[in-house]
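Proteins get letters first, then strands, A, B, ... in listed order; numbering begins at 1 in each.
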Amino acid sequence: MRVAVRQRLGAFRLDVAFEGPEDGVTVLFGPSGAGKSATLAVVAGLTRPDEGVVAVGERMLTDTAAGVFVPAERRRIGVVHQDARLFPHLSVERNLAYGWSRAKGERRIGWDAVVDVLAIRPLLGRSPRDLSGGERQRVALGRAMLSQPTLLLLDEPVSALDAARRGEVLGFVAELKRRFAMPMLYVTHSADEARTVGDHLVRIEAGRVVGEGAPGVMLPVDDVVGEVVAPGLVRVAEDWAVGRSVWVRLEG
Amino acid sequence: MLTAAEWEALRLTLLVAGEATVFGMIAAVGFAWVLARYRFPGRVLLDAGLHAPLILPPVVVGFVLLAIFGVQGPVGRWLDAWFGVRLAFTSAGAALAAGVCAFPLMLRSVRLAIEGVDPKLEEAAQSLGAGAWDRAVTIVLPLAWPGLVAGAVVGFAAALGEFGAVITFAASIPGETQTLPLAIYAALQVPGGEATAARLSAIAFALAIAGLVASEALLRFGRRGAGA
């Protein structure tokens, strides 16, 4: 995955360039308003950059100099947002089938495999309205995977969830990556998430790339001691795999 | 129960209002889409122009239609010469007059419904491989369905009751352009016609109730069709 784009968005200038591994999770890390989501929109083909290139593998998706712009519906890039954006008028099954039925000729990722990995079989007949936040995100992940993407974009996919659900959904993301060798671009402002899922980290601030490297090196754990949750109560770590937090009570 | 003439007025009214609603809704969806989704020079003017029938006296609408689509009008002459179609003083003309007057109401409802569909859902559909037409048919229109039904019901009711534009453009010819309101008015012009007028009014009332029931059924159908 290769991205090098410039775009003016009102007073904000986006000017980012980075490369991500073809089979791993690239984390776009930075504070709110840094241009992470704007970068995703450019990669997804939902906005056209003023100049630059976007390529996935050998496939050139945007190249302003050569006049190349593949529209979003033909990019085969799956997108999952923090609000799952499930279609409210369709059942879970028909949400999953939406991208699946439009990718008939190029199915590599199986329906049953995705449904089972994400454990959403019991939800198939339900309406998106009746799902919990975590279930919604799993269905959104499944819907994106079943559209047979060559790249999966995840825009703060667990930010709207509580800590326990967050760990659970992150576990599913890791499982999807392992099972389907799916390259991903993962946007977050959480150092914990970045370290947990990331293989490569791109740090963005004020519309520019300010650093790149391995997540563990870029965001050393002792950077963050913990999060003060309540007076005298500090959460020092979260075990994503089991969705449990480690708490330390300060006394005296 | 009803006399032959009353049946005729009822049939004609349903035909005229039905045609006015069907064609009016097709135009309303098209124009609502353009107004809701595109920014272009003259958009405000187009919007105002499309709403003109709402603020103009219906007689004026009828007169303008006569000037344009009448036998001597530019479009009317062309239609007559090329297709042998005459609109003035025909039931198709009554439907046109009723449809034009009801159009702004349909447009308003449809446009609000289309604007109410979250563009993020359309983006999601796009990333899942759906092109523009595909998204319109599978996402936007189904989600806008209640607004479309409301627009059709309001449009049908308005077309049903349209008087001034119809009588000006299509006159009041029994069996051809004399819809219920025109027939009621004509009955009241005849001494002793109150009984007929009352019976026709009762029919109009029954039609209105039937329209409401039908709209409820349509809404339910839409919900089921959407699979929710």
Do [X] and [Y] come close enough that some side-chain heavy atom pair is under 4.5 Å?
X        : Y        : value
B/Leu128 : A/Arg102 : no
B/Asp134 : A/Tyr98  : yes
A/Glu19  : A/His200 : no

Can you tell which part of [X] gets under 4.5 Å to a heavy atom of chain B, answering side chain, backbone, both or neither?
X        : result
A/Arg143 : both
A/Leu86  : backbone
A/Leu46  : side chain
A/Arg75  : neither
A/Ala140 : neither

Q.
Between B/Trp78 and B/Phe83, is the ring centroid distance below 6.0 Å?
A. yes

(Q) Can you tell whether the side chains of B/Asp47 and B/Arg111 come within less than 4.0 Å, N to carboxylate O? (A)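 Salt bridge: yes.
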
